[in-house]
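Every number for a ligand or one of its atoms is a count from 1 in the order of the listing.
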Amino acid sequence: MGDRWHRHQGFVFCLAAGAVVRLIAPLLGDKATDPAIVVVDEPGQFVISLCSGHQGQADHLAQQVARILGATPVLTGSATAQDFVGVDQIGVPFGWQRGAGDWTAVSGAVARREPVQVIQRDGSPLWQAHLPLQSSLQVVNAPGTRGNPGETTPPGTATIWITAESDPPPTAPQPQVIWHPRTLWVGIGCERGTAAALIEEAIAQTCADHHWAMGAIAGVATVDLKADEAGLLAVCQQRGWTLRCFSPGQLQGIPVPTPSAVVEREVGTPSVAEAAARCAAGYQPEDPHSGPLLVAKQIHRQPGITGAVTVAIAQAPQEYTGRSGALSLVGTGPGALSQMTPAAQAAITAADVVIGYSLYVDLVRPLVRPGQIIEALPITQERARAERAIELAHWGLTVAVISSGDSGIYGMAGLVLECLSRQGWDGQTPSVQVFPGITALQSAAAQVGTPLMHDFCAISLSDLLTPWPVIKTRLQAAAQADFVVALYNPQSKTRTEPLAQAQAIFLDHRDASTPVALVRSAYRPDQTITLTTLGDFLEQGVDMLTTVLIGNQSTYRHGDWLITPRGYLGGV
Ligand code: SAH
């Protein structure tokens with residue numbers, strides 16, 4: 001264990017909790033650096049988050065393991081009791097860096113439900129929408145303001161700052177902590193062969209002089225001539241900063257405070273550091289204020305060290321997450337959680353964001369963990385839902401898009417992939433995984449026996465996206481070929497004609513006594529099942545929550561069961 005302790009982010013033990021405690025006791029150091037420790041009991045009923053629940057993410061790991069095993073996660077942290085993700089966790093999905101402060105004291109104040117003020121000046125406010133209702137956090141959004149907290153700030157017993165500043169006004173004697181969203185882009189110009197140490201020192205000095213936090217740096221920007229500058233590459237690698245390089249053409253027209261004719265002659269753009277910083281921070285020609293410069297060009301030299309460095313800092317409207325996003329396209333099955341695959345459940349629990357139609361989001365509520373961003377959109381806005389999911393995934397978040405049944409059968413998965421392909425997606429980033437679910441025709445069939453034992457097909461009667469002549473041709477072909485047929489989206493309050501026409505088409509090829517099952521809201525509390533016939537089913541009340549199963553010429557009814565013979569016993 002000693003050898004492995006710092007090499008892994010987490011450990012899952014299948015061992016008595018007492019033995020685990022003795023094993024790890026000599027290795028425990030600091031909750032900021034210790035790995036997650038999770039213990040599973042031998043029968044696999046409970047998954048205990050034993051140590052490093054928050055910063056080490058053991059709570060999260062325990063929930064994922066529990067989801068996979070079908071076990072109960074055991075979380076004992078106070079944030080869990082409050083349905084709150086924890087002061088030291090709120091910025092994790094967005095790649096924020098934890099800055100200075102007394103994290104234990106501020107977490108304690110939240111745990112005691114004391115009023116704690118949050119002053120957010122930078123970064124996404126998305127996390128705020130998911131605070132528990134009875135949260136004692138009082139959030140003040142103050143984008144762009146600097147300096148004093150201002151008179152409107154509610155007093156609290158502790159303060160959480162969310163800012164790119166290194167040292168916002170101290171609120172002592174009350175404890176405070178600082179989260180740094182990574183919004184700063186550092187533009188660099190340097191002579192060939194400038195030492196890494198000088199570049200790093202120049203950036204640190206510029207940040208210190210102007211009170212910007214090194215933790216808020218998203219990356220470094222420069223002109224493409226410098227893409228192979230060894231010192232620059234070394235600093236970026238050491239610090240985990242991305243390097244963005246722009247051509248002189250891209251930098252040329254960007255307005256800057258200190259252009260230089262000398263630089264223009266040498267490089268082909270009057271500014272490197274300032275223009276590159278603004279460019280990386282999202283400067284758009286149509287908005288001259290976009291990607292604003294916070295610090296104009298500063299020149300650094302040091303006696304005895306080769307080279308010179310110019311540094312400028314600009315700020316992006318959205319923080320850099322430093323993560324590559326993922327889309328999980330999840331089928332949640334017909335309704336009951338027990339009908340969803342463990343993999344689908346785990347994908348929902350693991351996601352930073354869950355997006356879906358409100359009704360389905362409600363069905364998966366028990367899987368949602370504190371701090372998850374839930375975006376429920378009305379049923380008509382499928383495209384908006386898909387585009388939102390893609391936007392968040394491009395930003396670096398893991399997004400679960402949920403559909404009932406199977407996500408790839410009249411669900412959201414197809415739309416998301418179509419939108420991605422239109423945007424010229426490279427097939428890799430964001431990564432995509434499709435999680436299958438039990439589709440309506442399977443759950444409906446299971447409730448009435450085995451009507452799908454022979455060749456079958458699904459036809460949606462919705463003519464919103466498919467022209468009626470196409471639907472009609474498919475109905476005719478299926479009826480003629482003697483497929484068992486599942487009709488999806490069979491009938492709405494205003495759209496009744498297609499179902500009547502479907503009946504007429506099937507009556508041309510099958511007997512009026514052919515068994516038909518109407519399964520409404522399968523595996524949901526209001527499930528209803530009606531067994532009827534092809535001749536009579538129109539009168540039985542079919543709506544958009546119903547799947548209509550029409551038997552083939554051999555399907556027969558035995559009591560409350562529908563059976564389609566496959567031929568094992570002869571006679572097909
Ligand atoms: N992706 C879903 C289908 C969405 S289309 C799936 O694979 O199941 C919506 C249609 O599916 C509804 O109009 C209804 O015909 C059917 N449906 C979805 N859930 C159902 C359920 N629980 N019971 C019966 N039919 C259902």
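The shortest contact between atom 23 (N) of ligand 1 and any protein heavy atom is with Ala522 N, 2.9 Å. When only non-hydrogen protein atoms are considered, atom 13 (O) of ligand 1 lies nearest to Met544 O, 2.5 Å. In terms of protein heavy atoms, atom 11 (O) of ligand 1 is closest to Tyr488 CD2, 3.4 Å. Of all protein heavy atoms, the one closest to atom 3 (C) of ligand 1 is Ile409 O, 3.6 Å. Remark: minimum distance from atom 19 (N) of ligand 1 to any protein heavy atom is reached at Arg524 NH2, 3.5 Å. The protein heavy atom nearest to atom 4 (C) of ligand 1 is Tyr410 O, 3.5 Å. What sits closest to atom 8 (O) of ligand 1 on the protein, heavy atoms only, is Ala440 N, 2.8 Å.
Close contacts of ligand 1 with Val519, meaning ligand atoms under 4.0 Å from a residue heavy atom, involve 24 (C). Each of the atoms 14 (C), 15 (O), 16 (C), 17 (N), 24 (C), 25 (N), 26 (C) of ligand 1 lies under 4.0 Å from some heavy atom of Thr547. Close approach of ligand 1 to Pro490 (heavy-atom distance below 4.0 Å) involves ligand atoms 15 (O). Each of the atoms 6 (C), 7 (O), 8 (O) of ligand 1 lies under 4.0 Å from some heavy atom of Thr439.
One distance of note links CG of Leu415 with OH of Tyr410; it measures 15.5 Å at 0.5 Å rounding.
Within the structure, ligand 1 lacks Ser443 among the residues with a heavy atom less than 4.0 angstrom away. Residue contact check for ligand 1: Ala444 places no non-hydrogen atom closer than 4.0 Å to it. Using a non-hydrogen distance threshold of 4.0 Å, Ser404 registers as a contact of ligand 1. No heavy atom of Tyr523 sits closer than 4.0 Å to any atom of ligand 1.
No part of Ser403 comes within 4.0 Å of ligand 1, judged by heavy-atom distances. Only backbone heavy atoms of Leu545 (N, CA, C or O) come within less than 4.0 Å of ligand 1; its side chain stays farther off. Contacts between Gln527 and ligand 1, counted as non-hydrogen atom pairs separated by less than 4.0 Å, are absent for every part of the residue. Contacts with ligand 1 closer than 4.0 Å are made by backbone heavy atoms (N, CA, C, O) of Ser521 only, the side chain lying farther away.
Below 3.5 Å of separation, one finds no N or O of Ile438 facing any N or O of ligand 1. Looking at Ser407 next to ligand 1, no N or O pair under 3.5 Å apart turns up. Close N/O approach between Asn489 and ligand 1 is found [any backbone or side-chain N/O within under 3.5 Å]. Ligand 1 has an N or O atom lying under 3.5 Å from an N or O atom of Thr546, backbone or side chain. Below 3.5 Å of separation, one finds no N or O of Leu487 facing any N or O of ligand 1.
Remark: the backbone N or O of Ile348 is paired with a side-chain donor or acceptor of Gln372 at under 3.5 angstrom. Put simply, the side chain of Gln345 never gets that close to the backbone of Gly70: no donor and acceptor are under 3.5 Å apart. For Trp425 (side chain) and Leu417 (main-chain N/O), no donor-acceptor pair under 3.5 Å exists by modelled atom type.
Checking Gln64 against Thr349 by side-chain atom types alone, no donor-acceptor pair falls below 3.5 Å. Ser460 and Asn489 share a side-chain donor-acceptor pair at under 3.5 Å. Asp406 and Gln442 share no donor-acceptor pair across their side chains, judged by distance under 3.5 Å alone. Side chains of Asp543 and Thr546: a donor-acceptor N/O pair is present below 3.5 angstrom, by distance only. In this structure, a donor-acceptor pair under 3.5 Å is present between the side chains of Asn141 and Gln128.
Val20 places none of its side-chain heavy atoms less than 4.5 Å from the side chain of Phe11. Residues Val485 and Cys457 meet the side-chain proximity criterion, which asks for heavy atoms closer than 4.5 Å. Arg524 places none of its side-chain heavy atoms less than 4.5 Å from the side chain of Pro334.
Between Trp96 and Phe94, the two ring planes are tilted [angle within 30° to 60°].
The residues Asp362 and Arg365 are annotated as salt-bridged, a charged nitrogen and a carboxylate oxygen being separated by less than 4.0 angstrom.
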